[in-house]
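The residues of the chain are indexed from 1 along the displayed sequence. As the structure lists them, so they are numbered: ligands from 1, and atoms in each ligand from 1. Please read these numbers as outputs of a predicted model, since none were measured by experiment.
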Amino acid sequence: MSNNKSTEESNISYKIEGLAYEPLGMPTERVIRLNAKFSKNDPDYSQRQEIIRHLITPAELMHRTQKSSPFASAANPAKPNEQADIYAYSRKRMVKEQLIARGINDENVLRAMAAVPRHLFVNEALYPTAYDDRPLPITCGQTISQPYTVALMCQMLMAERGMKVLEIGTGSGYQAAVLREMGLKVFSVERIKELYTNTKSLLTTKLGYYDMQLFLSDGTLGLDLFAPYDRIIVAAGGPSIPEALKAQMTDNGIMLIPVGREKMAQNLIRVFKIGNTYREENLGTTTFVDLIGKQGW
Ligand code: SAH
């Protein structure tokens, strides 16, 4: 009886899935993804047990990298790229479970979403939640949209590499970075000085996107200086579509803009410019922060 029990026990297979910190006596540190089934009969069982003991959450991992890693200490902090790697697994999972599973199929969008380190666009305290299926607060009472919304907007923009895109509402800079990773020439306008300044430094000095054009102004008036634009994407909702933005579209241009007579309850409108005419398509209800300005609220 007891013999049987121990045989049974040794045949139990364990499924482990998670992140492990992998110094484990190895000369380099890296994060490994564990997704394996194993049983006590496996020759490397004890080694795997050892790995399981090291299974930790991304937040803990971040903490260790910053606080005790020989590669990142107070005197020698982790570089953005090293930090980004820590979240590579969360990012891949976000793409698979939140985007592909819900029908995002534009390869260029998926690739860009997998590349941009979303956590760097929010406050450090929110890093562990950066890849969750929800919008997140940024400074100045604004929000960074849920990953799915960002991806959907990018897909609905039907953009091709090399196109000029005008974004109204730079905010954290996350959507701008995704558009840039999609191979677009990005012009982005923000009306709040603090956001403009912080985001500009993040996008350029920290992330190296020196080819993005960022402006501090009222985006409801567009950005006449560099018009026309192949694509316009508005990240805040206004009462109507600003005429200035329509006028800055190229022929065959496309604009995405949340529009609603009531604040915080809009329809996402896709505007097609064909010659001198505009066709509007309603893509459904949505919620964005207010578009504030001469041709907004
Ligand atoms: N794309 C951003 C979303 C930020 S929320 C991101 O990925 O983080 C929307 C932003 O639009 C806010 O930062 C808000 O300040 C900005 N905004 C609102 N009205 C604006 C206007 N008239 N011109 C420029 N930016 C505006």
What is the closest protein heavy atom to [atom], and at what distance does it sit?
atom                    : result
atom 11 (O) of ligand 1 : Gly169 CA, 3.2 Å
atom 4 (C) of ligand 1  : Thr143 O, 3.3 Å
atom 8 (O) of ligand 1  : Ser172 OG, 2.6 Å

Gap between atom [atom2] of [Y] and atom [atom1] of [X] - 0.5 Å precision:
X      : Y      : atom1 : atom2 : result
Arg231 : Met158 : CZ    : CE    : 6.5 Å
Leu120 : Leu207 : CG    : CG    : 6.0 Å
Gln175 : Thr149 : CD    : OG1   : 9.5 Å

Check contact between [X] and ligand 1, using heavy atoms of the residue and a distance below 4.0 angstrom.
X      : value
Ser217 : yes
Glu167 : yes
Leu221 : no
Val150 : no

Considering distance alone, does some N or O of Ala235 sit under 3.5 Å from an N or O of ligand 1? no

Output yes when the distance from some N or O of ligand 1 to some N or O of Val289 is under 3.5 Å, and no in every other case. no

Tyr229-Phe187 aromatic ring centre distance below 6.0 Å: yes

Using a 4.0 Å heavy-atom cut-off, say whether Ile192 meets ligand 1 through its side chain, its backbone, both or neither. side chain

Mode of Arg191 contact toward ligand 1 - side chain, backbone, both, neither (heavy atoms, under 4.0 Å): both

If the plane angle is over 60° it's perpendicular, under 30° parallel, otherwise tilted; pick one for Phe215 and Phe226. tilted

